[in-house]
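Structure first, commentary second.
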Protein chains: 2
Amino acid sequence: MNFNKTTEYTLRILSFMSLNENMLYSAIDLSDKLKIPYRYLRKQMNLLSKQGFIESIQGKQGGYKIAKSLTDISLLDIVNATENYSKENMCFFGFQECPLQNHCSMHDKWGEVRDKTFAILKTTTLQDLKQDNSALILTSK
Amino acid sequence: MNFNKTTEYTLRILSFMSLNENMLYSAIDLSDKLKIPYRYLRKQMNLLSKQGFIESIQGKQGGYKIAKSLTDISLLDIVNATENYSKENMCFFGFQECPLQNHCSMHDKWGEVRDKTFAILKTTTLQDLKQDNSALILTSK
DNA sequence: TTTATATGATACTAATTGGTATCATTTAAA
DNA sequence: TTTAAATGATACCAATTAGTATCATATAAA
Ligand code: SF4
Ligand code: SF4
C-alpha cells in the first residue's frame with residue numbers, strides 16, 4: 001500500500017510460495033500467477049536467495065522454495081529486505097533531526113499509527129498468512 | 001514519514017507559514033528556516049500557488065502567504081496535492097485489482113491502520129497544528 | 001552426450017522523482 | 001527612471017527505482 005513496487009512484489013511472491021512450503025516454484029510460473037514482469041522477478045528472486053529467504057535449485061526442473069520456517073519470516077523482515085522501513089525515520093515532517101525542543105502534536109498522533117503498523121508487520125508471519133488466507137488465495141480468480 | 005520528500009517539504013512550509021497567517025514569507029527565508037533547497041522550494045511554491053494553497057505577491061518586498069482559512073486546509077489536502085494518497089490503492093499486496101473472491105486477512109488488519117491514518121490526516125487542519133505547536137515551533141533550536 | 005529448461009550475474013534502458021539553472025516579469029525603493 | 005529584490009515559467013541535470021537484455025552456468029531428460 002505505502003510500499004514500493006519491489007516490496008509489494010516480494011510480499012506477493014513469498015506469500016504465494018508459502019502456500020506450498022516444499023514445492024519448487026519456477027520464475028516463469030510465479031511471474032505468470034502473480035502478474036510480475038518476468039525479468040524483474042528473476043532479478044528479485046536472485047536477491048531473495050542471497051538474503052536467505054528462499055533457496056534455489058538450478059537446472060532443468062529447478063526453481064525456488066522458501067528457505068526457512070514460515071514462522072520465522074515476518075512481514076517486517078520482508079519489507080526491510082527491500083526498503084528501509086525503520087522506526088527511526090519517524091518525523092512526520094521529514095526532518096532528519098527534530099528542530100524542536102519538545103515534541104510537536106503530530107509526533108504522538110502519528111506515533112500511534114506508526115506503532116500499530118510496526119506491530120502488525122512484526123507479529124504477522126508467513127505462517128499466519130498461510131493459515132488465514134490459503135482458502136482464499138487458492139480460489140483466486 | 002511514509003511520504004515523499006516534496007510532501008514533507010510542503011507540510012513543513014504550510015505549517016510554518018500558518019504561524020503568521022497574514023505575513024508574507026519570501027522563498028529565501030522559508031528555504032533557510034526549513035532547510036529546503038531554495039530552487040526546489042521556488043518551484044514547489046509555484047505549484048502551491050497555482051493550486052490555491054498560497055497566494056504570491058511579486059516584486060520587491062513580495063512573498064507568499066496562506067490563501068485560505070487555516071481551518072479549510074487539512075493535512076490530507078496537502079498530502080494529496082503532492083502525491084496520490086487515495087483510499088483506493090488499498091491492497092496490502094499492491095494489486096490493482098484484487099485477485100481473490102473474498103478478502104484476505106491483511107485486508108482488514110491493514111485497513112485499520114489505513115483508516116486511522118486517513119482519519120488523522122483528514123481531521124487535522126493547519127489551524128490545529130498552529131494551536132498545538134506554535135509555542136514549540138517558535139522555540140525551535 | 002546432447003538438448004532443453006531452469007537459475008546466476010550483470011549491464012543496460014526507461015520512468016519517476018528530486019534538484020539546478022536561466023531568463024523573464026513584477027514592483028518597491030533608491 | 002533606474003535598480004535591486006522578489007516571483008513565474010520552464011528547460012535542464014542527477015539520483016533512484018523499475019524494468020529489459022544478454023550471456024554464463026547448472027542439470028534433468030531425451
Ligand atoms: S516532534 Fe514533530 S518535528 Fe520533531 S521529530 Fe517529532 S514529528 Fe518531527
Ligand atoms: S483482499 Fe487482500 S489481496 Fe485482495 S485487495 Fe484486499 S489486501 Fe489485496
Side-chain angles (χ1 to χ4, degrees), chain A residues 2-13 17 23-67 79-85 89 93-96, chain B residues 2-13 17 23-67 79-85 89 93-96:
Chain A
N2 295 322
F3 305 119
N4 64 34
K5 280 203 172 187
T6 306
T7 301
E8 291 177 344
Y9 289 163
T10 306
L11 285 167
R12 286 189 213 166
I13 293 165
M17 288 176 71
M23 173 168 164
L24 277 186
Y25 294 91
S26 72
I28 194 159
D29 202 35
L30 291 170
S31 157
D32 200 55
K33 281 274 197 335
L34 300 169
K35 314 293 183 211
I36 299 170
Y38 173 70
R39 292 161 195 280
Y40 197 54
L41 179 138
R42 285 277 308 283
K43 192 162 67 171
Q44 185 57 16
M45 294 306 273
N46 224 310
L47 285 174
L48 293 175
S49 180
K50 282 180 183 163
Q51 291 180 296
F53 289 99
I54 57 181
E55 62 183 276
S56 69
I57 311 282
Q58 287 190 59
K60 202 167 183 178
Q61 304 297 325
Y64 305 93
K65 66 190 280 291
I66 301 271
V79 170
N80 274 326
T82 54
E83 60 186 85
N84 182 29
Y85 205 80
N89 46 4
F93 297 98
F95 286 112
Q96 281 306 112
Chain B
N2 295 321
F3 305 119
N4 63 35
K5 280 203 171 187
T6 306
T7 300
E8 292 176 345
Y9 289 164
T10 305
L11 286 167
R12 286 189 214 166
I13 292 165
M17 288 176 70
M23 171 167 164
L24 278 187
Y25 294 91
S26 72
I28 194 158
D29 202 35
L30 291 171
S31 156
D32 201 54
K33 280 275 195 336
L34 300 168
K35 314 295 184 208
I36 299 170
Y38 172 70
R39 290 163 196 280
Y40 198 54
L41 178 138
R42 285 277 309 281
K43 193 162 67 170
Q44 185 56 16
M45 295 307 272
N46 224 309
L47 286 173
L48 293 176
S49 179
K50 282 180 182 163
Q51 291 179 299
F53 288 98
I54 57 180
E55 61 182 276
S56 69
I57 312 281
Q58 288 190 60
K60 201 167 182 174
Q61 305 296 324
Y64 305 93
K65 66 190 280 292
I66 300 271
V79 170
N80 274 326
T82 53
E83 61 186 85
N84 182 29
Y85 204 81
N89 46 4
F93 296 99
F95 286 111
Q96 281 306 112

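Numbers restart at 1 for each chain; the letters A, B, ... are given by sequence-line order, proteins then strands. These numbers come from the heavy atoms of this one structure, side chains and all, not from hydrogens, waters or symmetry mates.
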* Asked: Quick one: on DNA chain C, does G59(B) or K5(B) contact a more 5' nucleotide (nearest heavy atom)?
  ->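 Its nearest nucleotide being more 5', the pick is K5(B).
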
* If you pin K50(A) and K60(A) to their nearest nucleotides in DNA chain C, which one's is more 5'? ->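 Of the two residues, K60(A) wins.
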
* Would you kindly say whether T7(A) and N4(A) are connected by a side-chain donor-acceptor distance under 3.5 Å? =>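 On atom types as modelled, these side chains qualify, holding a pair under 3.5 Å.
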
* Distance-only polar pair, side chains of T10(B) and Q44(B), donor-acceptor under 3.5 Å ->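 The answer is yes; a qualifying pair exists.
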
Rounded interatomic separation in angstrom, taking [atom1] from [X] and [atom2] from [N]:
{"X": "I13(B)", "N": "dG18(C)", "atom1": "CD1", "atom2": "P", "result": "13 Å"}
{"X": "L30(A)", "N": "dT5(C)", "atom1": "CG", "atom2": "P", "result": "18 Å"}
{"X": "N4(A)", "N": "dA18(D)", "atom1": "CG", "atom2": "C1'", "result": "10 Å"}
{"X": "E55(A)", "N": "dG8(C)", "atom1": "CD", "atom2": "P", "result": "11 Å"}
{"X": "L24(A)", "N": "dA26(D)", "atom1": "CG", "atom2": "C1'", "result": "14 Å"}
{"X": "K65(A)", "N": "dT7(C)", "atom1": "NZ", "atom2": "C1'", "result": "16 Å"}

* Asked: Is there a donor-acceptor contact under 3.5 Å from the side chain of S49(A) to the main chain of E55(A)?
  ->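 Not confirmed, S49(A) side chain does not pair with E55(A) backbone.
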
* **Donor-acceptor under 3.5 Å (S31(B) side chain, I36(B) main chain)** =>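 Yes, the answer is positive, given that a donor and an acceptor are paired below the 3.5 Å cut-off.
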
* **Atom of R12(A), atom of F93(B) and distance for their closest heavy-atom approach** =>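 Scanning both residues, the minimum pair turns out to be NE-O, 2.9 Å.
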
* Shortest non-hydrogen contact from L24(A) toward G62(A) ->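 The answer is CD1-C, 4.1 Å.
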
Is any side-chain nitrogen or oxygen of [X] closer than 4.0 Å to OP1 or OP2 of [N]?
{"X": "S49(A)", "N": "dT7(C)", "value": "no"}
{"X": "Y64(B)", "N": "dA6(D)", "value": "no"}
{"X": "Y25(B)", "N": "dT7(D)", "value": "no"}
{"X": "T6(A)", "N": "dA18(D)", "value": "yes"}

* Please tell me which of the listed nucleotides, dA6(C), dG8(D), dG18(C), lies nearest to the side chain of Q58(B)? =>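 Per side-chain heavy atoms of Q58(B), the pick is dG8(D).
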
* To do: Determine the contact category for I28(B): base if any of its heavy atoms lies under 4.0 Å from a base atom, sugar-phosphate if only primed atoms, P, OP1 or OP2 are that close, otherwise nothing.
  =>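 Here I28(B) touches no strand at all.
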
* Asked: Residues from residues 33-47 of chain A sitting under 4.0 Å of DNA chain D, heavy atoms only?
  ->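 Of all residues in residues 33-47 of chain A, the ones placing a heavy atom under 4.0 Å from DNA chain D are P37(A), R39(A), Y40(A), K43(A).
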
* Report, as yes or no, whether the 6.0 Å neighbourhood of atom CG on L47(A) holds more than 12 heavy atoms from other residues, nucleotides or ligands. =>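 It does: L47(A) CG has more than 12 such atoms within range.
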
